[in-house]
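Throughout, a chain's letter reflects where its sequence line sits, starting with A, and its residues are numbered from 1.
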Protein chains: 2
Amino acid sequence: MPKNIRKLKGLDVNEAVNALGALAQASRLAVFKLLITKGKTGLAAGLIVDYLQQPKATISFHLKELSNAGLIISRREGRSIIYCVNYEKMQQLMNYLLENCCSDNGGKC
Amino acid sequence: MPKNIRKLKGLDVNEAVNALGALAQASRLAVFKLLITKGKTGLAAGLIVDYLQQPKATISFHLKELSNAGLIISRREGRSIIYCVNYEKMQQLMNYLLENCCSDNGGKC
DNA sequence: TCGATATTTCCAATATTATCGAAATATTAA
DNA sequence: TTAATATTTCGATAATATTGGAAATATCGA
C-alpha cells in the first residue's frame, strides 16, 4: 500500500491527552512552533537552545516530552540530534479532536 | 461586515497554551468530545454528569476550565446551564498550531 | 414563600510537572 | 587516545493541578 494514501490510524484517548499535554506548556509550544517552521529538515537541539534562550537541560527535558508524545521525531547527524515535527501525528490529533463532530445533532456546528 | 466572512482573529501564545491545557486532561477531553457530538444544541451540566459518571463538583470544575479557556460556551435555560463547543475558538487553535508551517523550509512538510 | 431541582464554590489532601546546575554519556577530529 | 563538542540524565526544589464531599447559590413551580 503506497504510503501517501494509507488510512490515517486514529489516536486513542491516552495518546491524544499526551499529545495535548505536550503542547500545553509555553516553552514546549515555542519549541514545537519553531520546528513547525523548519519542516522535515528539522533543527539540532543546540540550535533550538540558541533560538529559545533557555538552559540546555530545560530544552532537553521539553524535547523529550514532545518526543514521548510522538509529536516530534529525532535523528542523529554526527554529533547533533536533529528534531523535526511528526506531521502525521499532528494530523491525527486534529482528526481526533473533531471526529464525530455534530454526529448527534444533524450537522449543526 | 457579515459574520461568516470575517477574518478569524489569531490566538496569542497564552490563549493557545490555555486552550491546549484545557484539553490535555482525560476528564476534560471526554467532556469536550461529548460536546463536540452535540453541536450548537449543547448539553446541560447535569446531563454531562450523567454521561460521564463523575461527581458534579468534578465536572463543574472541568467545565469551568474549558470555559475559561474559551473552548466552550454556556447559556442558561431555566434551571439548567447548557454548554456547547466554541467551534470558532477550536478553528483558531488549529490555525495557531500550524501557522507558518514550513515557512523556513521551502514547503517541505 | 417554600420546597425541589440544578449547578457552583469552598477547601484540604494528593499528585504531577517545571526548572536548571552539575555530572554523565556519546560522537568526532586530530 | 585525547580534547572538544553536543546532548541527556540526575536530583533537589518550587510551583501547579486534580479530586470530591459538603455547603452555598440560583431558578422554578405550586
Set of side-chain hydrogen bond (donor to acceptor under 3.5 Å, both in side chains) partners for Gln25(B), sequence neighbours left out: none

So what is the end-to-end bend of the helix from dT1(C)-dA30(D) to dA30(C)-dT1(D), with 5 pairs used at each end and the value given to 10 degrees? 30°

Hydrophobic clustering (ILVMFWY, side-chain heavy atoms < 4.5 Å, transitive) - are Leu34(B) and Leu63(B) grouped together? yes

Distance, rounded to the nearest Å, where Lys64(B) contributes NZ and dT19(D) contributes P: 14 Å

Evaluation steps, side chain to side chain contact (heavy atoms under 4.5 Å, CB included), between Val49(A) and Thr58(A): CA-CA 9 Å; Val49(A) 167; Thr58(A) 301; over 6 Å; no

Within residues 16-31 of chain A, those residues having any heavy atom closer than 4.0 Å to DNA chain C are Gln25(A), Ser27(A), Arg28(A)

Given DNA chain C, 5'-ward residue of the pair Glu65(A) and Ala45(B), judged by closest heavy atom: Ala45(B)

Step-by-step side chain to side chain contact (heavy atoms under 4.5 Å, CB included) determination, Leu23(B) to Leu93(B): CA-CA 11 Å; Leu23(B) 294 171; Leu93(B) 178 58; 4.1 Å; yes

Among residues at least two apart in sequence or on other chains, which ones pass disulfide (SG to SG under 2.5 Å) with Cys102(A)? Cys109(A)

Can you name the side-chain hydrogen bond (donor to acceptor under 3.5 Å, both in side chains) partners of Thr41(A), sequence neighbours left out? Asn105(B)

Nucleic acid contacts - residues 68-85 of chain A versus DNA chain D, non-hydrogen atoms under 4.0 Å: Arg79(A), Ser80(A), Ile81(A), Tyr83(A)

Determine whether a donor-acceptor pair (N or O, by modelled atom type, separation under 3.5 Å) exists between the side chain of Arg28(B) and the backbone of His62(B). no

Keeping the roles fixed (side chain from Tyr83(B), backbone from Phe32(B)), state whether a donor-acceptor pair exists under 3.5 Å. no

Respond yes when some side-chain nitrogen or oxygen of His62(B) is under 4.0 Å from OP1 or OP2 of dA17(D), and no when none is. no

CD1 (Ile82(B)) and CD1 (Ile48(B)) are apart, to the nearest 0.5 Å, by 8.5 Å

Could you list all the side-chain hydrogen bond (donor to acceptor under 3.5 Å, both in side chains) pairs where at least one residue sits in residues 66-80 of chain A, not counting sequence neighbours? Arg75(A)-Glu77(A)

Can you measure Leu63(A) atom CG to dT8(D) atom C1' for me and round it to whole angstrom units? 10 Å

Within the side chain of Asn100(B), is there an N or O that forms a donor-acceptor pair under 3.5 Å with the backbone of Thr37(A)? no

Taken in chain and number order and not counting sequence neighbours, the residues that satisfy side-chain hydrogen bond (donor to acceptor under 3.5 Å, both in side chains) with Lys33(B) are Glu99(A)

Given Leu11(B) and Lys89(B), is the side chain to side chain contact (heavy atoms under 4.5 Å, CB included) satisfied, shown in steps? CA-CA 9 Å; Leu11(B) 303 186; Lys89(B) 184 83 173 193; 4.0 Å; yes

Using chain B heavy atoms and a threshold of under 4.0 Å, write down where along DNA chain C the contacts begin and end, 5' to 3'. dA4(C) to dT9(C)

Residue pairs involving residues 44-56 of chain B (criterion side-chain hydrogen bond (donor to acceptor under 3.5 Å, both in side chains); sequence neighbours excluded): Ser27(B)-Gln54(B), Lys38(B)-Tyr51(B)

Under a 4.0 Å heavy-atom cutoff, the residues of residues 32-42 of chain A touching DNA chain D are none

Return the set of residues passing side-chain hydrogen bond (donor to acceptor under 3.5 Å, both in side chains) with Ser60(B) (not counting sequence neighbours), or none when no residue passes. none

Toward the 5' end of DNA chain C, which comes first, Lys56(B) or Gln54(A), by nearest nucleotide? Lys56(B)

